[in-house]
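Have a look at the structure below before the remarks.
By convention here, the first residue in the shown sequence is residue 1.
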Amino acid sequence: WEAMDVRAWKNKAELTDALENLGEQPGSFVDYVFVQEWVDFDVEMRHFIVEPDLTKPQTLKPKKIIYTVFKSREGGSFRNFDRYDREACLANCFKNDDDALADAERQAQEVISRWMEWLQAQS
């Protein structure tokens, strides 16, 4: 999914409307819609893991990380966002606190490894 398919809601009626709109989009063949709790955040890190192999830990390292920040919400949907490389993220989102960004990246890598193990266990 992408920002256009992420909907904010505050009550049961808004959730119902969001689920109906997402599930009935033209050309949609989805059987499921994910519902997540909203957690406020300063920046989203998108890690791209390509051809992971749990027997080779180096393959669980991201080939690329993109850092994004939502800029606007229109009609309950997130439409615009800024995209940063690490250097710009460090300056714009972490006030040049490299230790804090490195810690966030380390924590993300721990979660990625756990998710990959979990996903393999499911197949």
Side-chain angles (χ1 to χ4, degrees):
W1 63 91
E2 191 55 61
M4 62 186 269
D5 293 319
V6 176
R7 306 289 169 87
W9 50 274
K10 295 179 184 152
N11 55 49
K12 184 178 178 179
E14 288 180 4
L15 174 58
T16 300
D17 184 56
L19 291 172
E20 287 175 355
N21 287 329
L22 288 169
E24 296 176 0
Q25 293 181 76
S28 173
F29 297 106
V30 299
D31 293 323
Y32 302 96
V33 176
F34 294 104
V35 177
Q36 295 175 237
E37 176 183 5
W38 176 260
V39 176
D40 284 325
F41 61 93
D42 296 315
V43 62
E44 176 181 52
M45 296 186 293
R46 300 176 183 207
H47 291 71
F48 293 85
I49 311 300
V50 180
E51 297 181 356
D53 181 341
L54 291 178
T55 66
K56 299 175 184 172
Q58 70 275 13
T59 67
L60 301 180
K61 302 282 186 208
K63 298 289 185 193
K64 183 171 187 152
I65 302 174
I66 297 174
Y67 307 83
T68 59
V69 176
F70 286 116
K71 291 177 15 178
S72 68
R73 186 180 344 187
E74 301 166 13
S77 296
F78 300 90
R79 297 287 182 212
N80 299 310
F81 56 91
D82 287 327
R83 180 177 293 182
Y84 300 121
D85 61 13
R86 189 181 195 282
E87 184 177 313
C89 176
L90 183 62
N92 292 301
C93 305
F94 282 83
K95 299 178 182 169
N96 290 312
D97 186 345
D98 191 60
D99 289 341
L101 178 52
D103 185 54
E105 292 165 335
R106 180 192 56 75
Q107 290 180 54
Q109 189 59 48
E110 287 178 14
V111 171
I112 289 167
S113 295
R114 290 180 192 156
W115 280 341
M116 296 307 294
E117 289 173 8
W118 180 83
L119 287 168
Q120 184 178 35
Q122 300 305 308
S123 58

Expected output: side-chain Gln107 to main-chain Ala104 donor-acceptor under 3.5 Å: no

Atom of Tyr84, atom of Cys89 and distance for their closest heavy-atom approach: CB-N, 3.7 Å

Student check: side-chain heavy atoms of Phe48 and Ile66 closer than 4.5 Å: yes

Atom CD of Glu51: over 12 foreign heavy atoms under 6.0 Å: no

Heavy-atom pair of closest approach, residues Gly23 and Ser28: O-OG, 4.0 Å

Atom pair NZ (Lys10) and CG (Leu15), whose distance is rounded to the nearest 0.5 Å: 14.0 Å

Heavy-atom side-chain proximity of Arg7 to Asn21 below 4.5 angstrom: yes

Side-chain touch Val35/Trp9, heavy atoms, less than 4.5 angstrom: yes

Approximate separation, where rounding is to 0.5 Å, of Ile112 CD1 and Lys61 NZ: 9.0 Å

Common cluster, Ile65/Ile49, ILVMFWY with side-chain heavy-atom separation under 4.5 Å: no

Tyr67 side chain near Asp85 side chain, heavy-atom distance below 4.5 Å: no

Distance in Å, Arg114 CZ paired with Leu119 CG, rounded so as to fall on 0.5 Å steps: 14.0 Å

Greater than 12 external heavy atoms within 6.0 Å of Glu110's CD: yes

Salt-bridge present (Lys12, Glu14; N to O < 4.0 Å): no

Heavy-atom closest contact (Asp53 atom, Leu60 atom, distance): N-CD2, 4.4 Å

Nearest atoms (heavy-atom pairs only) where Leu54 meets Glu117: CD1-CA, 3.8 Å

Hydrophobic cluster membership, Val43 vs Leu90, 4.5 Å side-chain cutoff: yes

Ala13 backbone acceptor or donor facing Asp17 side chain under 3.5 Å: no

Phe41 with Phe81, same ILVMFWY side-chain cluster at under 4.5 Å: yes

Salt bridge present between Arg86 and Glu105 (N-O < 4.0 angstrom): yes

